[in-house]
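Only a predicted model underlies this, so the values are computations on that prediction, with no experimental measurement involved. One-based numbering, in listed order, for ligands and for the atoms of each.
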Amino acid sequence: MPLTIRPETPTDYPGISEVNDLAFGQPAEGKLVEKLRKNPKFVPRLSLVAETEGKIVGHILFFPIIIKSANGKEKETISLAPVSVLPEFQKQGIGGELIKEGLKACRELGYDSVIVLGHPEYYPRFGFEPTVKWGIKDPFGAPEEAFMALELKEGALEGAGGVVEYPEEFNDV
Ligand SMILES: CC(C)(COP(=O)(O)OP(=O)(O)OC[C@H]1O[C@@H](n2cnc3c(N)ncnc32)[C@H](O)[C@@H]1OP(=O)(O)O)[C@@H](O)C(=O)NCCC(=O)NCCS
């Protein structure tokens with residue numbers, strides 16, 4: 001099965017919403033992507049689709065966020081969310097390819113770290129570790145092991161302890 005991972009284009013928008021709706025079994029994540037696209041901080045190069053035979057079968061989005069320390073210091077990083085693969089295409093490595101290609105693109109654009117809130121059994125295989133290691137907290141009260149980070153540059157998160165601030169679009173998910 002030939003698989004292409006590439007940045008989204010406007011003609012992909014309906015396919016991306018559909019992949020999110022079907023993967024998550026609810027419309028919240030697809031709506032989140034649609035709303036974030038209108039946010040000035042949206043980076044089109046970091047909204048990637050997985051395409052096979054002209055069909056969008058997977059999607060991943062990275063969106064810039066801030067870690068705010070108690071003394072008001074701000075550190076820019078990027079969040080990985082959401083990532084989705086059509087149910088009938090899951091467990092074939094497509095999610096992994098989206099994550100690897102996405103991390104590569106983040107590195108190329110100069111991001112030095114990535115934050116994810118997700119399955120604690122899945123993301124460590126890409127190098128993610130619980131953020132407690134750096135004293136970084138999530139604003140949602142998620143289980144500690146589900147809030148993870150990856151340094152794309154060694155030491156990037158040292159001294160970056162604080163609370164992550166997501167754009168308000170995430171509040172509806
Ligand atoms: C998570 C997701 C993107 C992975 O895509 P994929 O193409 O199936 O991923 P891969 O084929 O690269 O990897 C499959 C692995 O992911 C694991 N995985 C998938 N969902 C998981 C979950 N909820 N918890 C833990 N592991 C999970 C599978 O167990 C499998 O592990 P294995 O390789 O040991 O068999 C896909 O399952 C999906 O769209 N799920 C619904 C939406 C979702 O939960 N997104 C992530 C939110 S954090």
When the side chains of residues 162-173 are checked against the rest of the protein, which donor-acceptor pairs come out under 3.5 Å, sequence neighbours left out?
{"unit_1": "E169", "atom_1": "OE2", "unit_2": "N39", "atom_2": "ND2", "d": "3.1"}
{"unit_1": "D172", "atom_1": "OD2", "unit_2": "K35", "atom_2": "NZ", "d": "2.7"}

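- Applying the salt bridge (Lys or Arg N to Asp or Glu O under 4.0 Å) test to E76 and every residue at least two apart in sequence or in another chain returns nothing.
- In this structure, R37 pairs ionically with E8, as a charged nitrogen and a carboxylate oxygen lie closer than 4.0 Å.
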What pairs of donor and acceptor atoms, side-chain ones from residues 129-155 against any protein atom, are under 3.5 angstrom apart with sequence neighbours left out?
{"unit_1": "E129", "atom_1": "OE1", "unit_2": "K133", "atom_2": "NZ", "d": "3.2"}
{"unit_1": "E129", "atom_1": "OE2", "unit_2": "K133", "atom_2": "NZ", "d": "3.1"}
{"unit_1": "T131", "atom_1": "OG1", "unit_2": "I136", "atom_2": "O", "d": "2.7"}
{"unit_1": "T131", "atom_1": "OG1", "unit_2": "F147", "atom_2": "O", "d": "3.4"}
{"unit_1": "W134", "atom_1": "NE1", "unit_2": "E151", "atom_2": "OE2", "d": "3.2"}
{"unit_1": "D138", "atom_1": "OD1", "unit_2": "A142", "atom_2": "N", "d": "3.3"}
{"unit_1": "D138", "atom_1": "OD2", "unit_2": "F140", "atom_2": "N", "d": "2.7"}
{"unit_1": "D138", "atom_1": "OD2", "unit_2": "G141", "atom_2": "N", "d": "2.9"}
{"unit_1": "D138", "atom_1": "OD2", "unit_2": "A142", "atom_2": "N", "d": "3.1"}
{"unit_1": "E151", "atom_1": "OE1", "unit_2": "G155", "atom_2": "N", "d": "2.9"}
{"unit_1": "E151", "atom_1": "OE2", "unit_2": "A156", "atom_2": "N", "d": "3.3"}
{"unit_1": "E151", "atom_1": "OE2", "unit_2": "L157", "atom_2": "N", "d": "3.0"}

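- Defined by atom type and a distance below 3.5 Å, a donor-acceptor pair is missing between the side-chain atoms of S17 and N20.
- Put simply, the side chain of I78 does not reach to within 4.5 Å of the side chain of I115, judged on heavy atoms.
- Closer than 4.0 angstrom to ligand 1 lie heavy atoms from A23, F24, V83, S84, V85, Q90, K91, Q92, G93, I94, G95, G96, L117, G118, H119, E121, Y122, Y123, R125.
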